[in-house]
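Below is one structure, written out as structure tokens, with a few remarks after it.
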Amino acid sequence: MAALVVTDDDVEGVQLSVYSAEVLAEIHLIARDISESAWLSALHWSREHHAQIRENDRQAAERAELQALHVSEVEYEGQRYISWPWRGDSMASIVYEPAVMPTAGHYRITEMQSDRIIATVAGLQDARAIARYAASHDGGYGDICICRCEAAITHNDFESWFF
């Protein structure tokens, strides 16, 4: 195995700090005394360990970002729902969608506090438009939930609901 050569100067001739030189000297001693397979194993472990640290940091940053966006979770009718991002200074209500949207059925827009059905539509975009308006100051409803259901359609689209 190739040995690491430690000098007091780097490639450009700039003086290394005493601590850097000491660390490099210790690495040199370890590299000289350890077998190649053990060295490669340690490098592999270090790579995996650092990858795990980076992944943990990424997940923590993602959680912090979601928290800053005020994304929240709630359980409603036995299913887990995630809110749309909302501003912390907003007085509007919150809109929730299933964490995993079921594949079949129509979209029911419900006021969560009273279980009042606001509308049932065929398309997700119309359901989102109705939910967005219903949760706003102008809509006047409380927190809104978009659910999949087999109920009959009450409105063809946002416009037919609004007018």
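Once rounded to the nearest 0.5 Å, the distance linking OH of Tyr96 with CD1 of Ile82 reads 11.0 Å. Rounding to the nearest 0.5 Å places CD of Glu22 at 10.5 Å from CG of Leu24. For the atom pair CD1 of Ile130 and OG1 of Thr120, the computed distance is 9.0 Å after rounding to the nearest 0.5 Å.
Residues satisfying the salt bridge (charged side-chain N to carboxylate O under 4.0 Å, His left out) test with Arg54, not counting sequence neighbours, are none. Remark: Glu97 pairs with Arg128 by the salt bridge (charged side-chain N to carboxylate O under 4.0 Å, His left out) rule, at least two apart or across chains. Checked against ring pair (Phe, Tyr, Trp, His ring centres under 6.0 Å), Phe162 has the following partners two or more places apart in sequence or in another chain: Tyr133, Phe158.
Minimum interatomic distance between Ile146 and Ala127 (heavy atoms only, all atoms of both residues): CD1-O, 3.9 Å. The two residues Gly78 and Glu75 have their closest heavy-atom pair at CA-OE2, 3.8 Å. Here the closest non-hydrogen pair linking Val121 and His155 is CG1-O, 3.4 Å. Closest approach of Ala135 and Val95 over heavy atoms only: CB-CG2, 3.6 Å. Nearest heavy-atom pair, Ala134 versus Ile144, reported as atom, atom and distance to 0.1 Å: CB-CD1, 4.0 Å. Closest approach of Cys145 and Cys147 over heavy atoms only: SG-SG, 3.3 Å.
A continuous path of hydrophobic side-chain contacts links Ile94 to Val74 [ILVMFWY only; heavy atoms under 4.5 Å]. A continuous path of Ile, Leu, Val, Met, Phe, Trp and Tyr side chains, each step under 4.5 Å between heavy atoms, connects Leu40 with Ile27, placing both in one hydrophobic cluster. Placement of Phe163 and Ile153 in two distinct hydrophobic clusters is found when ILVMFWY residues are connected by side-chain heavy-atom separations under 4.5 Å, directly or transitively. Linking ILVMFWY side-chain heavy atoms closer than 4.5 Å, directly or via other members, places Tyr81 and Val100 in two distinct hydrophobic clusters.
Between Trp84 and Arg132 there is a side-chain heavy-atom pair separated by less than 4.5 Å.
No hydrogens or angles considered: a donor-acceptor pair under 3.5 Å links the side chains of Glu55 and Gln59.
Counting only residues at least two apart or on different chains, no salt bridge (Lys or Arg N to Asp or Glu O under 4.0 Å) pair has a member in residues 111-126.
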What side-chain donor-acceptor pairs closer than 3.5 Å can you find for residues 102-110, not counting sequence neighbours?
unit_1	atom_1	unit_2	atom_2	d
His106	ND1	Ala151	O	2.8
Tyr107	OH	Arg148	NH1	2.8
Arg108	NE	Thr110	OG1	2.9
Arg108	NH2	Glu77	OE1	3.0
Arg108	NH2	Glu77	OE2	3.1

Tell me which donor-acceptor pairs under 3.5 Å the side chains of residues 44-53 have, and how far apart each pair is, sequence neighbours excluded?
unit_1	atom_1	unit_2	atom_2	d
His44	NE2	Glu48	OE2	2.6
Gln52	NE2	Asn56	OD1	2.8

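The closest donor-acceptor contact from the side chain of Ser41 to the backbone of Ser37 lies at 3.5 Å or more, if one exists at all.
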